[in-house]
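Input: a single structure, listed below in structure tokens.
The first residue of the sequence shown is numbered 1, and numbering continues consecutively from there. Heavy atoms only: backbone and side chains are in, while hydrogens, waters and symmetry mates are out.
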Amino acid sequence: MAKRVLKTDTYHIPAERLGKYLIQKTRTANFITLSDHIKETALIDYTIRGNSIAPDAAQCGIQHVGTLVTDKKSRQFGKYHIPLVCRGKNLFGGTGAVYEKYPLYIPAGTSFSVSKKYIGSSDGIFVFYDQDGMPLDFMPFSKAMQKNGRLLAICRQTAWDIHYVGWREAAAVETQLEIGGCGAAYTPYKESRADIFLDKPLRAGESISFQNDGLPPILLPGDDACTISVQTGVQPAGVTVSYYQDTKAYINECLDDLLAIMSNSQ
């Protein structure tokens, strides 16, 4: 008898139609990294909790979650913008223009790596900025770092909250920033987002959610890993997401729990 092989992609029916049969999981953090999700399915639900912080000496008034829309030509003028962004493995979606500050929130203590395609130039610097657009750190590239056609940078763990990143002094061809190890395989940038506009900023003790407040849906990209974060100067007190978990990931979790129980019982 021929051995039956389980195919990697076994989900042929849209997840929405199988909702009550699929495994649902919930995660809470300000910067959420998923690798156990069913690809290309929408979040079941998400909740953003407000926050209020006291400013430093150079600013005035209590600050809350949400960026005021000041463009008078915008239909959202006077409202507060809260973009919830979901990115694939590659977090850098900037154009590579000199002095560009591409919005990307990465909390302190996060390990990451950057790489880019080698195009004959020995110059190039990745720059990381705080919420006020002031440089925090630099990652220079040189020809000596080339490996397999790419310029590699060592992995880093940021000591600060990063709010913007930029690539300077050379074209940003196949530039990649990813969470975790120093993998050099390039993945094109993928993004889905929910642009939320409120009449007032989201204060501490307040919250909004997709299901309860009729907010825009958000789709998980087809990459093996993705990250979810809110791109605002004042970060929320927390973001909670509910999603469909991949069956194989769930089984592996159960096996790990079982092995831990057996190990503790010996």
Taking the side chain as every heavy atom from C-beta outward, state whether [X] and [Y] have any pair of such atoms under 4.5 Å apart.
X: Leu202; Y: Ile208; answer: yes
X: Ile48; Y: Val230; answer: yes
X: Glu174; Y: Lys116; answer: no
X: Phe126; Y: Thr175; answer: yes
X: Leu151; Y: Ser115; answer: no
X: Trp160; Y: Asp130; answer: no
X: Met145; Y: Arg150; answer: no
X: Tyr244; Y: Ile23; answer: no

Of all heavy-atom pairs between [X] and [Y], which one has the smallest distance, and what is that distance?
X: Ile62; Y: Ser52; answer: CG2-CB, 3.9 Å
X: Asn90; Y: Tyr189; answer: O-CD1, 3.2 Å
X: Tyr129; Y: Gly133; answer: CD2-O, 3.3 Å
X: His163; Y: Gly233; answer: CE1-O, 3.3 Å
X: Pro201; Y: His64; answer: CB-CB, 3.7 Å
X: Ser209; Y: Thr47; answer: CB-OG1, 3.4 Å

Under 3.5 Å, which donor-acceptor pairs do the side chains of residues 68-83 form with other protein atoms, sequence neighbours left out?
| from | atom 1 | to | atom 2 | distance (Å) |
| --- | --- | --- | --- | --- |
| Asp71 | OD1 | Lys73 | N | 3.0 |
| Ser74 | OG | Gln76 | N | 3.0 |
| His81 | NE2 | Asp195 | OD1 | 2.8 |

Lys101, NZ: over 12 other non-hydrogen atoms inside 6.0 angstrom: yes

Once salt bridge (charged side-chain N to carboxylate O under 4.0 Å, His left out) is applied, do any residues pair with Asp137, and if so which ones, sequence neighbours excluded? Arg156

Tell me every residue that passes side chain to side chain contact (heavy atoms under 4.5 Å, CB included) with [X], counting only those two or more places apart in sequence or in another chain.
X: Thr28; answer: Arg49, Thr240
X: Lys200; answer: Arg203
X: Thr110; answer: Phe31, Ile106, Pro107, Thr158, Ile179
X: Ile53; answer: Asn51, Gln63, Val234

Looking only at side-chain N and O atoms, does Asp36 offer a donor or acceptor that is under 3.5 Å from a partner on Gln245? yes

Ignoring hydrogens and angles, state whether a donor on the side chain of Ser242 or Thr26 is under 3.5 Å from an acceptor on the partner side chain. yes

Give a yes or no on whether a salt bridge exists between Asp223 and Arg87, defined as a side-chain N under 4.0 angstrom from a carboxylate O. no

So does Ser113 get a backbone contact from the side chain of Glu178, meaning a donor-acceptor N/O pair under 3.5 Å? no

Atom pair [atom1]/[atom2] of [X] and [Y] - distance to nearest 0.5 Å:
X: Arg193; Y: Gln231; atom1: CZ; atom2: CD; result: 8.5 Å
X: Thr227; Y: Leu91; atom1: OG1; atom2: CG; result: 4.5 Å
X: Leu22; Y: Tyr243; atom1: CG; atom2: OH; result: 13.0 Å
X: Ser229; Y: Leu104; atom1: OG; atom2: CG; result: 6.5 Å
X: Thr247; Y: Ile38; atom1: OG1; atom2: CD1; result: 6.0 Å
X: Ile125; Y: Arg168; atom1: CD1; atom2: CZ; result: 7.5 Å

Cluster overlap [X] with [Y], hydrophobic side-chain contacts below 4.5 Å:
X: Val127; Y: Ile162; value: no
X: Ile44; Y: Val85; value: no
X: Tyr164; Y: Val65; value: no
X: Val165; Y: Phe112; value: yes
X: Ile196; Y: Val239; value: yes

Among Tyr102, Phe141, Phe128, Phe92, which one satisfies ring-ring contact (aromatic ring centres under 6.0 Å, His included) with Trp167? Phe141

Applying the side-chain contact (heavy atoms from CB on, under 4.5 Å) test to Ser192, which of Leu43, Ile228, Ile218, Leu220 qualifies? Ile218

Stepwise salt bridge (charged side-chain N to carboxylate O under 4.0 Å, His left out) check, Lys39 with Asp246: CA-CA 8 Å; Lys39 301 175 184 178; Asp246 181 85; over 6 Å; no

